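Since the structure comes first, as structure tokens, the remarks are kept for the end.
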Number of protein chains: 2
Amino acid sequence: MNLSKRQKSILVFIADYVKDHNYPPTIREIGTACEISSTSVVKYNLSKLERDELIVRHKEVSRGLSLNWSRLQAVGLANELANAPAANGNANRNRDRSSRQFFQVPVLGRIAAGEPIQVETADRSAADEWLELNESLFRNPAGLFALRVQGESMIDASVLDGDIVILRHQERAENGEMVAAWIDGQNETTLKHFYLEGDQVRLRPANPTYPEMFLPAKQVSVQGKVVSVIRQLE
Amino acid sequence: MNLSKRQKSILVFIADYVKDHNYPPTIREIGTACEISSTSVVKYNLSKLERDELIVRHKEVSRGLSLNWSRLQAVGLANELANAPAANGNANRNRDRSSRQFFQVPVLGRIAAGEPIQVETADRSAADEWLELNESLFRNPAGLFALRVQGESMIDASVLDGDIVILRHQERAENGEMVAAWIDGQNETTLKHFYLEGDQVRLRPANPTYPEMFLPAKQVSVQGKVVSVIRQLE
DNA sequence: AGCATACAAGAACATCTGTGCGGTGTCAAA
DNA sequence: TTTGACACCGCACAGATGTTCTTGTATGCT
């Protein structure tokens, strides 16, 4: 399943168009946007995309097409499309909640003290579980991943067994950010507020009744920044 | 702005249709579904809905209409429409993630120990803030509302200052459920696991290092069940 | 009564829009 | 060289779809 440049640009345009209008574009609109002069060529490419199941089409229905997000996700195009270029020009009239956006975040595994977390950005597509989230909660879905907390080991971060922690992948942290950090000496991953003080790192739990930790900087490696914690009880 | 039965059924149909197809219906489809024989009558009613800003319409564009969710929200129709009837019959082919759903939850105020929480279901429309959430996280958006946690008073429930607690309004709780409860004697609202034991209520904090409470049942009044906790750090 | 307004029908009309078909150029396999 | 798949172009056709016009029935107000 190899997408041509044109086909990719068609996908981008559709995502963008739907975001702006809340309904899909026509073949001619796609043609104009993607600089395809002939409607039949658009149809040709749409058929290809349909064969690849990246879009769903309804015969003889005007604007009868939609993106197949779960398939796009699998192919790794979803994020790219979800981040489609901002609304252009005339499109700020309907810029209310109805122009909703969402995206999926891979749940890459579990986090528990004593286990390192594995975050090869490469194997995102191999994630066994995906979380669907709203744009409204996150500025930018790039680099986000999620971990399920196992056990009570993160309780000093006010994170309980079963909670889902959403992180943004990064290896450096600003002071005060809550990060997932691997601590060499103690062989554990933990969620703490991060403060670099000289060549020492201070790790402050979210729950102030738990003690802080002081460690040599080189002993602490940041896995990602915690951007959200979600607890489902139902 | 008084909606006729027909106009309401049109809104319901549009919401339902979009949910199933990912694109809006035509005037004739609306007509058939709502038992309107004439396209002009559909147009007439759509114009009314457009005047009321409940929908957005694009002239001379096929299927060029969309629901204005923020307006529907304000009028209190959003939940009703978001819960639109399940896909009917033929519509289970495109039943993947692309048929996404979302809904808004009113943030009714703050929760802090020492303050009662005000939850008149009536004034949902008066909420100053709304939270947009995914259907995927909640079975049923009915009766949901949100509170912003103020202060450190809920820390024994592993809920921090600034967290958002999502509750389902109910006045009775099953054993083990985490509830928001008002405690008469102590004049405070708290989040705890609820256990009715005879005519005593046992309240267990989420964080096991905090002590349990035992109180006479009549002293505890449940405000709602906690269904989710969301912490945003970015 | 007289009149304005809301709601509804049906049919004709004018676009909008997807589809089909003939044709072109490239490239690799036969 | 021939063949066929692939990508592309224009164009005309037909069906899909929004709009407009005329007519009709209530309802409420003066």
Side-chain angles (χ1 to χ4, degrees), chain A residues 1-14 16-18 20-68 90 93-94, chain B residues 1-14 16-18 20-68 75 90-91 93-94:
Chain A
M1 192 213 56
N2 234 323
L3 292 189
S4 74
K5 201 169 172 181
R6 249 183 184 172
Q7 281 145 19
K8 205 173 282 187
S9 86
I10 289 178
L11 289 177
V12 170
F13 174 70
I14 295 175
D16 199 24
Y17 189 100
V18 171
D20 285 352
H21 298 75
N22 290 312
Y23 50 80
T26 65
I27 284 191
R28 284 174 179 78
E29 285 169 332
I30 295 173
T32 306
C34 301
E35 294 176 313
I36 302 172
S37 64
S38 170
T39 57
S40 65
V41 175
V42 176
K43 182 185 157 78
Y44 170 80
N45 284 287
L46 287 180
S47 302
K48 172 72 162 51
L49 292 172
E50 193 183 13
R51 267 205 309 286
D52 295 341
E53 293 180 76
L54 296 175
I55 63 175
V56 178
R57 243 157 92 66
H58 296 244
K59 273 207 301 188
E60 290 162 30
V61 169
S62 65
R63 302 173 188 273
L65 59 88
S66 57
L67 295 174
N68 182 341
N90 69 336
R93 46 202 145 81
N94 196 19
Chain B
M1 191 212 57
N2 235 321
L3 292 189
S4 73
K5 201 168 171 182
R6 248 184 186 171
Q7 281 145 19
K8 204 174 282 186
S9 87
I10 288 178
L11 289 177
V12 170
F13 174 70
I14 294 175
D16 199 24
Y17 189 100
V18 171
D20 285 352
H21 298 75
N22 291 311
Y23 50 80
T26 66
I27 282 192
R28 284 174 179 78
E29 284 169 334
I30 295 173
T32 306
C34 301
E35 293 175 315
I36 301 172
S37 66
S38 170
T39 56
S40 65
V41 176
V42 176
K43 183 187 159 73
Y44 169 80
N45 285 287
L46 287 180
S47 302
K48 172 71 163 52
L49 292 172
E50 193 183 13
R51 266 206 310 286
D52 295 341
E53 293 179 76
L54 296 175
I55 64 174
V56 178
R57 242 157 92 65
H58 297 243
K59 274 207 300 189
E60 291 162 32
V61 169
S62 67
R63 301 173 189 273
L65 59 89
S66 57
L67 295 174
N68 181 344
V75 188
N90 68 337
R93 44 201 146 80
N94 196 20

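Source: prediction; values computed, not measured. Naming convention: chains lettered A, B, ... in sequence-line order (proteins, then strands); numbering from 1 in each chain.
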Residue met sooner reading DNA chain C from 5', once Val41(B) and Glu60(B) are mapped to nucleotides: Val41(B)

Whichever of Ser38(A) and Ser37(B) has its nearest DNA chain C nucleotide further upstream toward 5': Ser37(B)

[atom1] of [X] versus [atom2] of [N]: gap in Å, rounded?
X	N	atom1	atom2	answer
Tyr44(A)	dG22(C)	OH	C1'	17 Å
Arg63(B)	dA16(D)	CZ	C1'	8 Å
Lys48(A)	dC6(D)	NZ	P	10 Å
Leu3(A)	dC6(D)	CG	P	15 Å
Ile27(A)	dG10(D)	CD1	C1'	15 Å
Ile30(B)	dA8(C)	CD1	C1'	16 Å
Leu46(A)	dA7(D)	CG	C1'	14 Å
Gln7(A)	dC6(D)	CD	C1'	11 Å

Touch class at under 4.0 angstrom, heavy-atom based, for Thr39(A) against every strand present: base

Test side chain to side chain contact (heavy atoms under 4.5 Å, CB included) applied to Gln7(B) and Leu54(B), Asn45(B), Ile55(B), the passing residue: Asn45(B)

Given [options], the nucleotide with the shortest approach to the side chain of [X]:
X	options	value
Ile36(A)	dC9(D), dG18(D), dC7(C)	dC9(D)
Ser62(A)	dC7(C), dT19(C), dG18(C)	dG18(C)
Lys43(B)	dG18(D), dC6(D), dT20(D)	dT20(D)

Taking every non-hydrogen atom, the tightest pair across Ile10(B) and Leu46(B): CG2-CD2, 3.9 Å

For the student: nearest non-hydrogen atoms of Pro25(A) and Phe13(A), plus distance: CB-CE2, 3.7 Å

Can you check whether [X] has a side-chain N or O nearer than 4.0 Å to OP1 or OP2 of [N]?
X	N	answer
Arg28(B)	dA16(D)	no
Arg6(A)	dC8(D)	yes
Asn45(B)	dA6(C)	no
Arg51(A)	dC6(D)	no

Aromatic plane relationship, His21(A) with His58(B) - under 30° parallel, 30 to 60° tilted, over 60° perpendicular: tilted

Under 3.5 Å donor-acceptor, Arg6(B) side chain and Cys34(B) backbone: no

Under 3.5 Å donor-acceptor pair, Ser40(B) side-chain atoms to dT19(D) base atoms: no

